[in-house]
Amino acid sequence: MSAPQGKIMLVGIGPGHVDHMTQRARAAIAEADVVVGYVTYVKLVADLLEGKEVIRKGMTEELDRAVHALERAREGKKVALISSGDAGVYGMAGPTYEVLFQAGWTPESGVEVEVVPGASAINACASLVGAPLTHDFCSISLSDLLTPWPAIARRLDAVAAADFVVALYNPKSGRRTQQIVQAQKLFLRHRRADTPVVVVKSAYRRRQNIEFTTLDKMSECDIGMLSTVLIGNSHTFVRDGLMITPRGYDNKYALHGDGSTREGEKRGRSLSTGLAGWTENLRLDHAEGESIAELALRHQLPADYIEMVLSAPVEDVALDAVEVEE
Ligand code: SAH
C-alpha cells in the first residue's frame, strides 16, 4: 500500500463573519485533521474544531506555519491554513507555495494543495458602501515591510494617473503612520481634492465602522490595521450614503430616457470612442494632417503605439456586433 496522501488547504474565510464564508471553506475546515491560523479567525470556526489539532499562531509566523503544514501533510494529514478574506490576496497562498517549492515539492509529489477562494476585503468593504467597483479598479498594499517604498509610491502614482478606483490594503498600523499621508499626496497630484473616499474598518465584524470622506481629508480619518481605504475615480459619486462608480453606459444611452441614443452615436454600433471607431477616426485625423506626435499628445498614448495602430492593415472590423455584457 502507498503512503497516505496528505493535503494542504489554503482556506479563505471571507471578511470575518460565518455568513460570508463559503460552503467549501467550511467543508475544507471540517475535513481537516489540523487547523492553523490566527486566533481571531480560528474563533470564527470554533464549532468545526472538535477533535482536531488546532494551532493558533501570531502575526509574524507565516513561514513557520507553512513549514509546519508541510510536515503534517507529509505524515498524511489534511491541514487547513486559514486566511481572512482570500488566501491568495496578500495572504498565505504565496508564502506557502514558496516554502513547498523550496522543500522540493511538486504538484505530483503526493501532497495535494487546494486554494479555497474567499471574499476579499475589497469585495466585503465595497458591498457595505454601495457599488464603488463597477469600473476598473486595483488594490495596493501600503505595507513596506516586504516591498520597498519607492515601488509602492510608483504604483500609487501610476494608478492615480490612470484613474483606477483603488483599494488600499494595510493602510496604517501603530508603526506605519506616514504611508497613508504619502499616498494622499501622490493621489492629490492627479485627482480632485473632493474625490470620494471611504474608510471601512472591520467589515462584517463586531467593531465595523464606515467613514465617508474626501481625498484631501483622507489621512485625518481613524484608520488602522483592520481598515481598507477605497478611493473613487473621477466619475465616482456619493449619494444618500452610497458610493457609486458609474459603469459608463450613460456615454451612449440616456439612463432613464426612451432608449434614444446620444447625438453622433448609432444604436447597435460600438462607441465612436471604442477601438474600431477610434481607429477609424485616428486614420482620418492623420490623413487630414495631424501628426503622430500630436495624436499621441491628444490621446495621452505613446507615439509608437499610435504609429502601430496607423500602420496596421485596415481590417474589416465588425462594427455591427453589439457586445452584450452582464
Ligand atoms: N487576505 C486578506 C487580506 C490580508 S492583508 C483579504 O483577502 O482580505 C490585511 C488587510 O486586509 C488589512 O490591513 C485590511 O486592509 C484588509 N482587511 C482584512 N479584513 C478586513 C475587514 N474585515 N474589514 C476591512 N479591511 C479588512
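For ligands, and for the atoms within them, numbers begin at 1 and follow the listed sequence.
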Ligand 1 to M225, heavy atom cutoff 4.0 Å, flagged ligand atoms 12 (C), 13 (O), 14 (C)
Cation over ring, R56 on Y41, under 6.0 Å and within 45°?
no
Of all protein heavy atoms, the one nearest atom 10 (C) of ligand 1 is N170 OD1, 3.6 Å
Nearest non-hydrogen protein atom, atom 11 (O) of ligand 1:
Y169 CD2, 3.4 Å
Whether T22 side chain and A25 backbone form a donor-acceptor pair below 3.5 Å:
yes
Residue and atom name of the nearest protein heavy atom (relative to atom 19 (N) of ligand 1), distance in Å to one decimal
R205 NH2, 3.6 Å
Which of the ligand 1 atoms, numbered from 1, are nearer than 4.0 Å to a heavy atom of L226:
23 (N), 24 (C), 25 (N)
Using the ring of each side chain (for Trp, its six-membered ring), is W278 parallel, tilted or perpendicular to H299, with breaks at 30° and 60°?
perpendicular
Taking atom 1 (N) of ligand 1 as the reference point, the nearest protein heavy atom with its distance
V89 O, 2.7 Å
Sub-4.0 Å heavy-atom approach of S202 to ligand 1:
yes
Identity and separation of the nearest protein heavy atom to atom 23 (N) of ligand 1:
A203 N, 2.8 Å
Taking only non-hydrogen atoms of P171 and a 4.0 Å limit, the atoms of ligand 1 in range are 15 (O)
Quick check against the 3.5 Å criterion: does R283 have a side-chain atom that pairs as donor or acceptor with the backbone of V309?
yes
Ligand 1 atoms nearer than 4.0 angstrom to some heavy atom of S84 are 1 (N), 2 (C), 6 (C), 7 (O)
Using a 4.0 Å cut-off to any heavy atom of G85, which atoms of ligand 1 qualify?
6 (C), 7 (O), 8 (O)
Atoms in ligand 1 flagged as close to S227, the criterion being non-hydrogen separation under 4.0 Å
14 (C), 15 (O), 25 (N)
Side-chain (R191) to main-chain (G232) donor-acceptor, under 3.5 angstrom:
yes
Transitive ILVMFWY side-chain link V197 to Y169, under 4.5 Å:
no
Nearest protein heavy atom to atom 18 (C) of ligand 1, by residue and atom, and its distance?
A121 CB, 3.8 Å
Would T96 and L10 count as a side chain to side chain contact (heavy atoms under 4.5 Å, CB included) here? Give the steps.
CA-CA 9 Å; T96 301; L10 293 147; 3.5 Å; yes
Between ligand 1 and A87, is the shortest N or O to N or O distance under 3.5 Å?
no
Residue and atom name of the nearest protein heavy atom (relative to atom 25 (N) of ligand 1), distance in Å to one decimal:
T228 OG1, 2.8 Å
Using 4.0 Å as the upper bound for N to carboxylate O, is an ion pair formed by D222 and K201?
yes
Between R72 and E53, does any side-chain N to carboxylate O distance fall below 4.0 Å?
yes
Close-contact set for ligand 1 against P15 heavy atoms, below 4.0 Å:
22 (N)
When you compare ligand 1 with D86, is there at least one nitrogen or oxygen pair between them that comes in under 3.5 angstrom?
yes
Counting from 1, what ligand 1 atoms have a heavy atom of V200 closer than 4.0 Å?
24 (C)
Could you tell me whether E31 and K52 have a side-chain N and a carboxylate O separated by less than 4.0 Å?
no
For atom 6 (C) of ligand 1, the closest protein heavy atom turns out to be S120 OG, 3.3 Å
Tell me whether Q182 contacts the main-chain N or O of Q179 through its side chain, where contact means a donor paired with an acceptor under 3.5 Å.
no
Begin with the C-alpha distance, continue with both residues' side-chain angles, and end with the deciding distance and a verdict on side chain to side chain contact (heavy atoms under 4.5 Å, CB included) for E114 and K7.
CA-CA 8 Å; E114 178 185 355; K7 185 172 178 181; 2.9 Å; yes
So is C125 close enough to ligand 1, meaning a heavy atom under 4.0 angstrom away?
yes
